[in-house]
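In what follows, a structure is listed as structure tokens, so that the remarks can point back to it.
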Amino acid sequence: MLYESTRNKNISIKSGEAILKGISGDKGLFVPSEIPQIDESFLNGLAALPYSKRAEKVLSLFLTDFTEEDLRFCTQNAYTPEKFGTEAIAPLKKLGGGEYVLELFHGPTSAFKDMALQILPHFMSCAYKNTSADKKTVILTATSGDTGKAALEGFKDAENIQIIVFYPESGVSDMQKLQMATQEGGNVYVCAVKGNFDDTQTGVKNIFANDDIINGLYKKGMVFSSANSINWGRLVPQIVYYISAYCDLIKENQIKPGEKINLCVPTGNFGNILAAYYAKSMGLPVGKLICASNRNNILTDFINTGAYDIKRDFHATSSPSMDILISSNLERLLYDISGRDDSLVTELMHKLGTEKAYSIPANMLGRIRETFAAGFCSESETLSAVKDTFNKYGYLCDTHTAVAMHVYNRYKEESGDDTKTVIVSTASAYKFPGSVLEALMGEHNINGGFLQAEKLSELTKTKIPANITGLKGKKVRFSTVLKPEDMYKFVLDSI
Ligand SMILES: *Cc1c(COP(=O)(O)O)cnc(C)c1O
């Protein structure tokens with residue numbers, strides 16, 4: 001299977017090359033030229049297998065230029081019970097009624113980004129081998145908090161790779177900041193940016209598009225790539241866990257074969273929910289995809305009206321990994337929904353740059369609304385959702401997952417749709433102990449992430465993940481803070 005760009009469908013490259021490049025030269029995103037199809041017998045076959053094998057089978061449908069041995073190597077090294085602390089890797093928990101939680105936060109950095117970033121470095125090293133690439137790769141990443149740490153952990157000390165992470169100075173939780181600032185590894189660089197996530201992401205995109213920097217890098221034998229979800233290698237492993245969750249529901253006799261389920265996903269850059277869309281497009285029996293946003297509710301507005309308008313205030317919330325106004329992966333949905341109309345996508349993305357807004361034609365909006373429902377959650381509703389979920393089910397969730405809980409409950413109430421639903425849990429509550437504690441206790445004056453985590457553990461009788469406790473007393477290695485326009489200097493100094 002070959003890959004094309006959302007802004008030029010005449011581009012045709014192998015998956016390995018798409019993963020190494022990260023983004024197309026025309027600024028478009030790489031997408032597969034067709035969506036492979038699965039059926040009931042494929043799902044039944046998977047249900048008997050462990051997660052890493054399920055991943056191998058699903059990935060082989062998309063990464064057709066990878067050998068079977070390569071994919072086995074990638075999946076077996078990425079998805080180990082040692083790294084994920086559980087045999088299931090992505091366990092599905094029943095809450096009650098027809099509600100289930102898909103826990104994607106058991107990896108080494110306690111956020112769902114590990115599901116992709118534990119395997120992406122292996123994809124890249126296989127792709128190197130297969131494409132006989134002779135350049136070193138510099139991974140440039142903008143993070144709203146969780147991608148940065150997961151990418152640093154995935155790529156630390158990887159051969160032929162350097163990684164540079166930029167995060168918004170006051171846009172991440174203290175725990176997230178500490179995770180990144182203390183990162184070990186000889187090939188890692190971390191820098192804070194004065195601004196929000198969109199400023200940071202735009203800064204990175206500008207460096208990717210700066211020919212002077214790219215040529216300078218090339219002369220030194222290096223090329224850029226991305227660990228953000230604009231990279232196909234980030235998205236494709238995320239398709240796996242939706243299929244895997246469905247297999248678990250079958251295996252546990254929770255659904256009949258072929259029965260449709262809904263998926264509710266807390267959304268920021270539109271990567272995670274786009275992977276769910278691809279899983280549905282492959283033939284996974286899925287009804288509605290419920291897109292949950294926090295106060296930055298641009299996607300709710302878009303799905304309800306077809307107008308995407310970034311001329312609005314940016315809010316820093318208690319679910320910081322979803323504080324995003326420019327959701328990059330929406331471009332892939334637009335491409336698919338428009339019937340792969342690369343000129344239309346190019347035009348819309350150009351409008352977003354110049355007019356800060358665009359609208360899609362009614363027929364496209366109609367198609368989006370057949371599949372997607374959308375809602376958002378205020379700050380107080382987020383905290384209430386943490387508390388209510390704990391009181392009702394004894395289940396501790398983080399603030400991002402709480403956004404999805406709230407949006408799902410309201411969707412169910414308003415639509416009357418009682419289809420069994422998988423709610424995606426994207427982070428451990430211990431990454432955001434201050435807010436979660438506030439949700440459970442009300443205003444508190446416990447300061448410092450570790451004290452908050454201990455109190456939270458005492459209160460809920462749950463365990464603090466070892467990777468969080470392990471941060472205590474670790475040396476801070478990175479403390480640079482720069483303005484967005486100076487980000488390129490940090491890149492030049494680091495390479
Ligand atoms: C990144 C992130 C999200 C948003 O995922 P997208 O793929 O960007 O939509 C939600 N929750 C957490 C905890 C995250 O780290």
Side-chain angles (χ1 to χ4, degrees), residues 29 101-117 120 141-153 165 167-168 171-173 175-176 179-180 197-198 200-201 226-232 234-239 241-242 263-279 289-294 296-300 302-303 317-333 372 374 376-377 382 385-386 397-407 423-433 435-436 465:
L29 308 185
V101 185
L102 177 59
E103 295 187 344
L104 301 176
F105 56 77
H106 293 282
T109 76
S110 294
F112 92 94
K113 306 296 199 290
D114 289 324
M115 298 303 299
L117 283 160
L120 180 62
T141 289
T143 182
S144 57
D146 290 324
T147 291
K149 177 60 182 181
L152 290 162
E153 201 53 43
V165 168
Y167 70 86
V172 303
S173 81
M175 208 57 102
Q176 289 176 314
Q179 277 188 315
M180 290 186 276
F197 173 71
D198 289 315
T200 311
Q201 178 161 264
S226 167
N228 282 110
S229 51
I230 53 174
N231 191 322
W232 178 249
R234 264 286 300 277
L235 271 182
V236 69
Q238 299 184 172
I239 298 171
Y241 48 70
Y242 292 110
L263 298 167
C264 180
V265 187
T267 303
N269 223 0
F270 210 75
N272 205 356
I273 196 165
L274 184 75
Y277 172 79
Y278 283 132
L289 300 174
I290 305 162
C291 177
S293 299
N294 65 22
N296 296 294
N297 59 350
I298 190 161
L299 286 168
T300 316
F302 174 69
I303 290 170
T317 73
S318 58
S319 45
S321 302
M322 293 157 64
D323 290 346
I324 295 174
L325 294 182
I326 304 173
S327 299
S328 303
N329 270 299
L330 199 57
E331 180 166 346
R332 286 186 165 109
L333 180 72
F372 289 88
F376 73 99
C377 185
T382 304
V386 171
C397 70
D398 91 296
T399 44
H400 302 75
T401 309
V403 167
M405 293 282 179
H406 174 88
V407 168
I423 296 153
V424 175
S425 178
T426 48
S428 156
Y430 287 98
K431 283 194 101 162
F432 311 95
S435 307
V436 174

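When reading the values below, keep in mind they use all heavy atoms of this one structure, side chains included, and skip hydrogens, waters and symmetry mates. Every number for a ligand or one of its atoms is a count from 1 in the order of the listing. Quick caveat: nothing in here was measured; it's all calculated off a predicted structure.
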Identify, for [atom], the protein heavy atom at the shortest distance, and state residue, atom and that distance.
| atom | value |
| --- | --- |
| atom 12 (C) of ligand 1 | T426 OG1, 3.4 Å |
| atom 8 (O) of ligand 1 | N269 N, 2.7 Å |
| atom 4 (C) of ligand 1 | G268 N, 3.5 Å |

Q. If you measure from each non-hydrogen atom of K113 to ligand 1, which part falls under 4.0 Å: side chain, backbone, both or neither?
A. side chain
If you count the atoms of ligand 1 from 1 in the order shown, which ones are under 4.0 Å from a heavy atom of [X]?
| X | answer |
| --- | --- |
| T267 | 9 (O) |
| A427 | 13 (C) |
| G271 | 6 (P), 7 (O), 9 (O) |

Q: Taking the side chain as every heavy atom from C-beta outward, state whether R332 and W232 have any atom pair closer than 4.5 Å.
A: yes
Q) Any side-chain heavy-atom pair from F432 and P320 closer than 4.5 angstrom? A) yes
When rounded to the nearest 0.5 angstrom, what is the spacing between [atom1] in [X] and [atom2] in [Y]?
| X | Y | atom1 | atom2 | value |
| --- | --- | --- | --- | --- |
| T300 | F376 | OG1 | CZ | 6.5 Å |
| T401 | F112 | OG1 | CZ | 10.5 Å |
| I303 | I273 | CD1 | CD1 | 6.5 Å |

Q. Donor-acceptor pair, S173 side chain versus Q176 backbone, under 3.5 Å?
A. yes
**Q.** Heavy atom of P266, distance to ligand 1 below 4.0 Å
**A.** yes
Any N/O of [X] closer than 3.5 Å to an N/O of ligand 1?
| X | result |
| --- | --- |
| D146 | yes |
| N272 | yes |
| F112 | no |
| F270 | yes |

Q: Let me see the working for H400 and N294 under side-chain contact (heavy atoms from CB on, under 4.5 Å), right down to the final yes or no.
A: CA-CA 8 Å; H400 302 75; N294 65 22; over 6 Å; no
Q: For side chain to side chain donor-acceptor pair (under 3.5 Å), just list the numbers for S319 and T317, CA-CA rounded to whole Å, side-chain angles, deciding distance to a tenth of an Å, and then say yes or no.
A: CA-CA 5 Å; S319 45; T317 73; 3.3 Å; yes
